[in-house]
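Everything on this sheet refers to the single structure shown next.
A, B, ... follow the sequence lines: proteins, then strands. Residue 1 opens every chain. Quick note: numbers below take in every heavy atom, side chains included, and nothing from hydrogens, waters or symmetry partners.
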Amino acid sequence: MNFLSFLFLISSKGGIKVNLVAQIQEEIKENLKTALVTAREKGKINFEIIPDFVVEVPREKQHGDFATNLAMLLPKQAKMPPREIAQAIVECFPETAYVNDVEIAGPGFINFRLNNSWLYQVIPQVIRQKEKYGTSNLGQGKKVQVEFVSANPTGLLHMGNARGAALGDSIANLLEEVGYDVTREFYINDAGNQIENFARSLEARYLQQLGQDVPFPDEGYHGEDLIETVKRFIEEEGDKYLNVDGKLRREMLVKYALDEKLTAIENVLRDFGVEYDVWFSEQSLHDSGEVQETIDILNERGYLYEQDGALWFKATEFGEEKDEVVVRSNGIPTYFAADIAYHRNKFERGFQWVINLWGADHHGHVSRMKGAMKALGYDSDRLQVVLMQLVRLFQGGEVLRMSKRTGKYITLSELVEEVGKDAARYFFVMRSPDSHLDFDLDLAKSQSQENPVYYVQYAHARICSILRQAAEEGIAVPAVDDVELTLLNTGEELELMRKLADFPEVVAGAAQALEPHRLTRYAHELAGQFHSFYTVCRVLGEDKALTEARLLLVQAVQIVLKNVLRLIGVSAPERM
RNA sequence: GCGCCUGUAGCUCAGCUGGAUAGAGCAACGGACUUCUAAUCCGUAGGUUGCAGGUUCGAAUCCUGCCAGGCGCGCCA
């Protein structure tokens, strides 16, 4: 398909999903290969194989619209300096309708300058696809699971969980956007030692509330919220568990508290814009026998052995430093055993790609889990763990240690209340998961007006304002086919269209790399270019044709801003 | 001691899987509101990319060794 027929395809089949930038890069790439072969036929250069070259968008505008490193990859094969190779390629580069100028620059780059005809296809494409602009079918409907937050249900959600929630949800959004069948899942750690500890803490609070002088467990959960929970329990159940068997008492308390905590967690996350498809109970894996089943399979496959009364997994066979206990000498399976069963369950449910978001403090667990998946016979590459560095919280210039046991930490609901959902989510997504995050509460509060999220949202609000103004003046936004878009020819307008054209690639790249922070960068750049445009170009003016063209441009920007903000989980306000 | 992450402008961070003169936002300084929202725009200044080697046409990016910080290394989760 040549470029003109490609343009024809877009204009004739409006709704077709294509990526303009990628299409042009492909087109240039094909022409370069043709030029290379032609040059060889003419005896200008010599080579055996065409190297794996790239056609990319140069960082510097003066280096043209697209550039290739092709010539710099050939000197060894061709036994010629790169600039001479470039010269031969350029001489044989076919005539095309869209390339204005080809030049050789620097050490041997070939730079392409295009005429603007292709850019005018962007606005119709955006407006026709609306909220679908940016979507693609990279995922081909494959089932992918994103498991995130999965906080212990023994307390409230803290800043680390908040980061996981913002990142995990945006990753899930991205994967949906590029055509995966996404399941958002929360793993509930409702079994094991922590729950036992939780139970004893609740029991102590219960008895204390009923006037008994009992000590609080040293390693117990000191959070104030536990006392509140117990008070509510007493309101409903009174003191009827005062003089019963401790096991029953703890069981009832845990049941009540877990239910309350999970409901609270679900509500807080919903307020944060996150909704799960599946809440998966760890206890259910024990109840269903899947933990035992998984242990049996590992045993049959010869990856377990007994020592000191415990059952060990041969992690060292998968490159680990030491083996891991899966069943303690007291007969109780470890968390690791349950987690292996859980991941086996994920694969058995048919997920082709399993993504976990874990705090960096669990990084040691990653290769062990992958080893366990190999031991079970699964392709461990289908399991991908995104590690987030921990969040450090500052207040009054001091570090606040986050600890459930001391009960001293800022909760997600407090964060949403004080900083706001939009700012908080933008802030968390803005940083790469790899970066340690210093969250200064005072700054977040005091600087709320200067938060970059407002910069982006303001661009959206400004556009809404223009469209409102137009409506009041009785100016209708015209249909895309009725407008002369080539009137948009200032630098600001061309840049803006160019930025709109980049969006599908940004989404695809961010999804593939599981890096939602690319979205905030894009959003900020797009908003910035709009603000520049706004300052220089008046939309509602004397010239009717120009007004119409600009109305369509800002409408397209509005659509893309809304789309990118939706992926981050941030609202697009119509007024500010 | 071993493993993972990080080290880029005064501060917080980008840098698109090795490209050309390393970029934004805050903070600083100087300008721009009679006009669709000034939560904005334009400009100035700010750098030995932690340090030292190596790989090649080319390194913030890849390799090695140091230095500094964070996190792990349990019959906890």
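In this entry the base of B:C33 is syn relative to its sugar, with a glycosidic angle within 90° of 0. Glycosidic conformation of B:U40 is anti; the angle lies outside 90° of 0.
Between the P atoms of B:G46 and B:U64, the separation comes to 36 Å (whole Å). Using P as the reference atom, B:G31 and B:G69 are 45 Å apart when rounded to the nearest Å. Only the P atoms considered, B:U6 is 13 Å distant from B:U61, to the nearest whole Å. B:A60 and B:U49 have their C1' atoms separated by 5 Å, given to the nearest Å. Distance noted for atom C1' between B:A22 and B:U34: 43 Å (whole Å). Straight-line distance between the P atoms of B:C11 and B:G47: roughly 12 Å, to the nearest whole Å. Separation of the C1' atoms belonging to B:U12 and B:U48 is 22 Å when rounded to the nearest angstrom. B:C73 and B:C62 have their C1' atoms separated by 28 Å, with the value rounded to a whole Å.
Nucleotides of RNA chain B nearest to A:Asn111 and A:Ala527 differ in position, and the one nearer the 5' end is that of A:Asn111. Along RNA chain B, the nucleotide nearest A:Arg462 and the nucleotide nearest A:Val325 are compared for position; the residue whose nucleotide lies closer to the 5' end is A:Arg462.
In this model, no side-chain donor or acceptor of A:Ser435 finds a partner on the base of B:C13 within 3.5 Å. Counting atom types as modelled, A:His365 pairs no side-chain N or O with a base atom of B:G72 as donor and acceptor under 3.5 Å. Between the side chain of A:Gln62 and the base of B:U21, a donor-acceptor pair under 3.5 Å is found. In terms of polar N and O atoms assigned as donor or acceptor, the side chain of A:His524 never comes within less than 3.5 Å of the base of B:G25 in a complementary pairing.
Protein atom CG of A:Leu73 is 10 Å distant from nucleotide atom C1' of B:G18, rounded to whole Å. In this structure, A:Glu282 atom CD and B:A77 atom C1' are separated by 9 Å, rounded to whole Å. The distance from atom CD of A:Gln529 to atom P of B:C41 is 12 Å, rounded to the nearest whole Å. Here the P atom of nucleotide B:U12 and the CE atom of A:Met430 are 13 Å apart, to the nearest Å. Summarising the geometry, the separation between CZ on A:Arg368 and P on B:A77 is reported as 12 Å, rounded to the nearest angstrom.
Side chains of A:Asp296 and A:Gln292: a donor on one and an acceptor on the other come within 3.5 Å.
At least one cation-pi condition fails for A:Arg392 and A:Phe439: the charged atom is not both under 6.0 angstrom from the six-membered ring centre and inside a 45 degree cone around its axis. For the pair A:Arg431 and A:Tyr426, the NZ or CZ position fails the cation-pi test of under 6.0 Å to the six-membered ring centre and within 45 degrees of the ring normal.
Proximity of a side-chain donor or acceptor of A:Arg538 to a complementary backbone N or O of A:Leu540 within less than 3.5 Å is detected.
Heavy atoms from other residues, nucleotides or ligands lying under 6.0 Å from CD of A:Glu317 number more than 12.
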